[in-house]
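Let me begin by presenting the structure, written as structure tokens, before commenting on it.
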Amino acid sequence: MSARTDRSGRQPVARHGILRSPNPFVQILTVLGAIVVVAVLSVSAVGAYAVWDAARAVSDAGVSIGSDEEALPPTIGEIEGGVNMLIVGTDSCEGANAALSTACMAEDTEGERNDVTLLVHISDSPRRVTVVSFPRDMIVPIPACTGEDGTEYSAMSGQMLNVSYMYGGLACSVATIKSLTGIDIQYAAATRWSGVIAMSDAIGGVDVCVADDISDSHTGLNLTAGTHTLQGVEALQFLRIRHGIGDGSDLGRISNQQQFMSSMVRKLQSDGVLSNPATLFSLATTAVKQVNDKEIVLSKGLANPQRMVQIAMAVRSVPYSDIVFVQYPTVYAEGGGRVLPVTSAADVLFEALAANQPLQLTGSTSDGYGTEVVGEATAPTTATPAPTDSATPDTAATEAPAPAATETPVQLPASITGQTAAQVTCTVAQQ
């Protein structure tokens, strides 16, 4: 394992995620556009259905990931059991995406890769959400895959994770994570850069915090210390940035993404978003357009609006403390340019998820010194309207719920870094 020191005394280590190509714009992040598609449908389901009913082509556009479901009965309610969903962000150079990357404009890159890979686990009752980030250039086995054009790719014993999408699209990335984790993945989605921009615009931006002034000539992002509401291209720049923050590595960038996702979750659960029909309509119609424009790709099971509503209803009220963002544990490979999975530590995480046990983080928020905790968020409260004189009190609605049984959380190894949605973090400038 590479030696790592604290922020003030660490030595300049090899930058994880730096390619031999002289143009760092090859390493692009997009994140969670498709998760927003799911989450926003948790409220005002009737209005959401009207939108989706006018866009039946979304279901027809779903791609197979090998374990697709049969048609669902016409009911609305929380999905039964747990959910495992893979979300990837890709670095396409097609269409409007090309103008967002100098590597694309210089024709200095090839193929479309999954630069961001996230496994979203939603447990059965009691509901908990865990989002696992997988470093893009972690060396992993890639199973035999069939590309979308029918090309057959042989299994590979050790390749960077981000080539899986290039070899076989969404289904190959799903198969790779299944092979690494042993987790059955029922749903999957991929989003390109323009998809992230469109969804961040539709949500009205996401608040992020930076502890110091940061500047990155590679993405063009410059932010002063403090809180900023980012949307559009600026939101994408924040998600892509790694130069100028933490130790300059992809591991630091992952923690930046986790700060963004935590803030987005808090905004989606707030009254300002999920109770606003106009915002919900904007999100839903934006998502439909992105799917139809092939900027967001959904698996067949997830491309069902009814299933989206069921998943969203399962997660809309999960406490902040039970929404956990973690990085899959790694160590640096020889030479420091790539990382290797630490399966022994990962096994502790996945065994806890299988048993639906609460998680306790013991490590830092960032394996790349990219963020620090500055506070704790308070979940929004929903006021209960007072009954009128003519109304019969609903004792079932007003009666306080029974306290949940106390559960002992599983302490994760310190090598598993991350944060909960309850933790407010700030991005730290590169030292």
Side-chain angles (χ1 to χ4, degrees), residues 1-2 4 16-17 27 29-32 35 84-89 113-123 128-143 158-165 172-185 188 239 242 246-247 249-262 323-333 336-354 357 359-371 410-420:
M1 177 185 298
S2 300
R4 299 177 184 177
H16 169 61
Q27 302 157 47
L29 170 88
T30 62
V31 68
L32 283 184
I35 284 183
N84 292 313
M85 178 168 51
L86 194 74
I87 307 293
V88 304
R113 291 165 290 189
N114 49 308
D115 271 7
V116 173
T117 305
L118 304 169
L119 178 64
V120 181
H121 172 78
I122 304 168
S123 70
R128 299 184 176 96
V129 178
T130 305
V131 181
V132 185
S133 296
F134 297 84
R136 64 179 295 282
D137 35 356
M138 180 168 60
I139 304 300
V140 297
I142 296 181
Q159 287 284 337
M160 287 170 53
L161 172 62
N162 76 328
V163 303
S164 63
Y165 196 91
C172 193
S173 294
V174 167
T176 300
I177 297 301
K178 278 186 177 181
S179 175
L180 174 65
T181 64
I183 297 293
D184 180 41
I185 299 171
L239 292 167
R242 62 183 178 83
D247 65 0
S249 74
D250 186 51
L251 302 183
R253 180 167 59 179
I254 284 175
S255 61
N256 220 40
Q257 299 160 14
Q258 291 174 340
Q259 183 206 156
F260 187 95
M261 289 187 288
S262 293
I323 302 175
V324 184
F325 300 91
V326 296
Q327 180 201 299
Y328 188 97
T330 62
V331 293
Y332 279 97
R338 302 287 181 263
V339 293
L340 301 173
V342 181
T343 56
S344 58
D347 286 345
V348 177
L349 168 65
F350 291 114
E351 287 170 4
L353 296 184
Q357 295 174 287
L359 304 177
Q360 181 176 335
L361 296 166
T362 65
S364 69
T365 60
S366 174
D367 206 15
Y369 310 101
T371 55
V410 173
Q411 291 193 343
L412 297 179
S415 58
I416 299 179
T417 57
Q419 68 169 90
T420 70

For V88 and S173 the tightest heavy-atom approach is CG1-CB, 4.3 Å

How about T371 and N256: does a side-chain donor come under 3.5 Å of a side-chain acceptor?
-> no

I would like to know whether K178 and D184 meet side chain to side chain contact (heavy atoms under 4.5 Å, CB included); could you show each step before the answer?
-> CA-CA 6 Å; K178 278 186 177 181; D184 180 41; 3.7 Å; yes

CG on L239 to CZ on F260, rounded to 0.5 Å | 4.5 Å

Does I177 reach the side chain of T117, with side-chain heavy atoms less than 4.5 Å apart?
-> yes

So do Y165 and C172 actually touch side chain to side chain, heavy atoms under 4.5 Å?
-> no

In sequence, state the C-alpha distance, the side-chain angles, and the governing distance for L359 and L349, and then conclude on side chain to side chain contact (heavy atoms under 4.5 Å, CB included).
-> CA-CA 8 Å; L359 304 177; L349 168 65; 3.8 Å; yes

What heavy-atom pair brings M138 and L180 nearest, and what distance separates the two atoms?
-> CE-CD2, 3.7 Å

Check against side chain to side chain donor-acceptor pair (under 3.5 Å), S255 and D367 | CA-CA 8 Å; S255 61; D367 206 15; over 6 Å; no

Just by modelled atom types, is the L412 backbone N or O under 3.5 Å from a matching donor or acceptor in the T362 side chain?
-> yes

If you look at every heavy atom in S366 and S364, which pair is closest and at what distance?
-> O-OG, 2.8 Å

Taking all non-hydrogen atoms of both residues into account, name the closest pair between S133 and Q258 and its distance.
-> OG-NE2, 3.9 Å

Nearest-0.5 Å distance, CZ of residue F350 to OG1 of residue T130 = 9.5 Å

Within a strict 4.5 Å, meaning less than it, do heavy atoms of the V140 and M160 side chains meet?
-> no

Would you confirm whether T176, through its side chain, and I142, through its main-chain N or O, come within 3.5 Å as a donor-acceptor pair?
-> no

Take V120 and V129 through the side chain to side chain contact (heavy atoms under 4.5 Å, CB included) test and state the conclusion after the steps.
-> CA-CA 7 Å; V120 181; V129 178; 4.3 Å; yes

Drop me the distance from L118's CG to F325's CZ, to the nearest 0.5 angstrom.
-> 9.0 Å

Flag, side chain of N84 to backbone of H121, donor-acceptor distance under 3.5 Å | no

Show the numbers, then the answer: is there a side chain to side chain donor-acceptor pair (under 3.5 Å) between S344 and D347?
-> CA-CA 5 Å; S344 58; D347 286 345; over 6 Å; no

Do F134 and T181 touch side chain to side chain, with heavy atoms closer than 4.5 Å?
-> yes

Roughly how far apart are D250 CG and R253 CZ, rounded to 0.5 Å?
-> 4.5 Å

Could you pull out the closest heavy-atom pair between Q327 and T330, with the gap in Å?
-> NE2-OG1, 3.7 Å

Enter the distance from R338:CZ to I139:CD1 here, rounded to the nearest 0.5 Å.
-> 6.0 Å

L119 and V131, any side-chain heavy atoms less than 4.5 Å apart | no

R136 bridged to D115 by N-O distance under 4.0 Å | yes

How about V326 and L361: do any of their side-chain heavy atoms sit closer than 4.5 Å?
-> yes

For D247 and S249 the tightest heavy-atom approach is OD1-OG, 2.6 Å

In Å, rounded to the nearest 0.5 Å, how long is the span from CG of L251 to CZ of R242?
-> 10.5 Å

